[in-house]
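Beneath this line is the structure, given in structure tokens, with notes to follow.
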Amino acid sequence: MKLLLKNCKLVEGIRNILIEDEKIASIQEADSSRKERRLEMECNEIIDIRGNTVIPGMIDPHVHMRDLKQTYKEDWTSGSEAALAGGITTVFDMPNTKPDTMNLENLNLKRQAAKSSKVKYKFHIGATCNNLEQIKIILKNNPDDIAGIKIFLAASSSNEVVTDRQILKQIFKIAKQYDKVVVVHTELQECLDKWLHTNVKRSVINHNIFRHRICAIEGTKLVLEIADEVKNRIYIAHVSTSEEINLIKRFKEKNNVYCEITPHHLLLNEKILEKVGNWGKVNPPLRTDMDNVALWNAVHNGTVDTIGTDHAPHYIEEKQQEYSKAPSGFPGLETCLPLLLTEISSGFDINKIIELTSRNTAKIFGLEKNVGIKKGNYADLAVIDLNKKWTINASKFKTKAKYSPFDEVNVKGKIVMTFVNGRCYKFEE
Ligand code: DOR
Ligand code: ZN
């Protein structure tokens, strides 16, 4: 099966991409030559990309696909369709599912469920205070489908929390032994417990006070110090404060420390909560405009390695409950790339977007041999109309969670096609 994508705008210019048996077979200048016409005749299918921009499909390192006992929130079919619509071709699924991914038996259940996925995937397995043997059992045969080991220092749609320094150290050592990245949600439970009784009104507007920034900063400091001792590879998920950025920057100088941010921590802050209410309730919370500035600076100076969506779908009626009962998190797969592309007009360039959404993620999690628009690599691509202006409409999302703090936001840049292993999915233009 030979598929020719004609007139693709790559960073280096307009090219034709030949896809054969799931992979990129060649990339040639689009020059209407006789050679090009001969190639066209050999192909089973030709798609004219019409000068639209083609980038590697996003690898999303932070996705909660749910499924299993939470299919009412999301399942692998709806979640992967949302990923495709967002130009995302690989997702790493988080372990705080029901049942959780903290032993081999449950991992195998998840492996079964994930077979209905239309995008590629890997799993983060969860570490607790008492599953270290299980982690070793899972990692012993070096399975290709494990992305990393996830630790929650605080509860957040999860119950298994690890904050004990000695246990954290043991987990980090196992990660080092099996060469896996430790992914940490760094808000620290003991600290959050103290702030829970603070005297401010219980309202989503104060979420950033209840889950105080100090708790994320303390947790980040704790795990950076331990990683500095153990010398393992550590990945701080959804960094939300300027203080954490400064810490990470410092520790990065002599350690393998990686930093992930989300589009919502980059582009939104607590002020939006007046308007969007619980749709914007998320952990870590939306912070301040000063933090937005610090995250942008960190993007530009290379402190930020990756962007993850933290796609965290919940049932709409759960989110409509009063503040303290409503779960944290909202969908992000379909809004991430359009939101980032919209920033291109303010000096964010497409190369940087590629770096943050696929190149660095692939490097950190060991996928780099297959990722990128190069001969021999899998044809995992997103085709983007960079000039298309449109408005986010959550009611049209493919995810089951049809709400978003970005609902009704105007964006510029639309995913028109997504390719996974050369298979084309088209979206309305
Ligand atoms: O807001 C969040 N939602 N933060 C998390 O850490 C977990 C996530 C979820 O699974 O719902
Ligand atoms: Zn998450």
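All values below were derived from every heavy atom in this structure, side-chain atoms included, with hydrogens, water molecules and symmetry-related copies excluded. Indexing begins at 1, ligand by ligand and atom by atom, following the structure's order.
Ligand 1 places these atoms under 4.0 Å from at least one heavy atom of Val282: 1 (O). The ligand atoms of ligand 1 that sit less than 4.0 angstrom from a heavy atom of Gly329 are 1 (O), 3 (N). Near Ala312, the atoms of ligand 1 lying under 4.0 angstrom from a non-hydrogen atom of the residue are 3 (N), 8 (C), 9 (C), 11 (O). In summary, the atoms of ligand 1 found under 4.0 Å from a heavy atom of His314, numbered by their order in the structure, are 11 (O). Interface of Ser157 with ligand 1, defined as ligand atoms under 4.0 Å from a residue heavy atom, comprises 9 (C), 10 (O), 11 (O).
Residue, atom and distance of the protein heavy atom nearest to atom 1 (O) of ligand 1 are Asn283 N, 2.9 Å. If you check which protein heavy atom lies closest to atom 5 (C) of ligand 1, you get Ser156 OG, 2.9 Å.
Residues Asp291 and Arg213 form a side-chain contact, since some pair of their non-hydrogen atoms from C-beta on lies under 4.5 Å apart. Counting heavy atoms from C-beta on, the side chains of Asn410 and Lys389 never come closer than 4.5 Å. When side chains are defined from C-beta on, Leu339 counts as touching Ile392, because their heavy atoms get closer than 4.5 Å.
For the Zn ion (ligand 2), the set of protein N/O/S atoms nearer than 2.8 Å consists of His62 NE2, His64 NE2, Asp310 OD1, ordered by chain and number.
Taking NE2 of His64 as the reference point, atom CG of Asp67 lies at 14.5 Å (rounded to 0.5 Å). Taken from OH in Tyr258 to CD1 in Ile248, the straight-line distance is 13.0 Å, to the nearest 0.5 Å.
The aromatic rings of His238 and His62 are tilted relative to each other, their planes meeting at an angle between 30° and 60°.
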Show your reasoning for whether side chain to side chain contact (heavy atoms under 4.5 Å, CB included) applies to Glu190 and Glu218.
CA-CA 10 Å; Glu190 290 98 84; Glu218 275 186 15; over 6 Å; no
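With Lys281, Arg66, His64 as candidates, the residue nearest to atom 11 (O) of ligand 1 on a non-hydrogen basis is Arg66. If you check each of Arg211, His185, Lys73 against atom 6 (O) of ligand 1, the one with the closest non-hydrogen atom is His185.
Tyr121 and Phe123 have their aromatic ring centers within a separation under 6.0 angstrom. Aromatic ring centres of Phe330 and Trp279: separated by at least 6.0 Å.
Of all heavy-atom pairs spanning Arg287 and Ala216, the tightest one is NH2-CB, 3.6 Å.
For the residue pair Asp380/Thr89, the side-chain donor-acceptor check at 3.5 Å is not satisfied.
Residue contacts with ligand 1, taken as heavy atom pairs separated by less than 4.0 Å, involve Ser328 via backbone and side-chain atoms alike.
Not a single heavy atom of Met94 sits closer than 4.0 Å to an atom of ligand 1.
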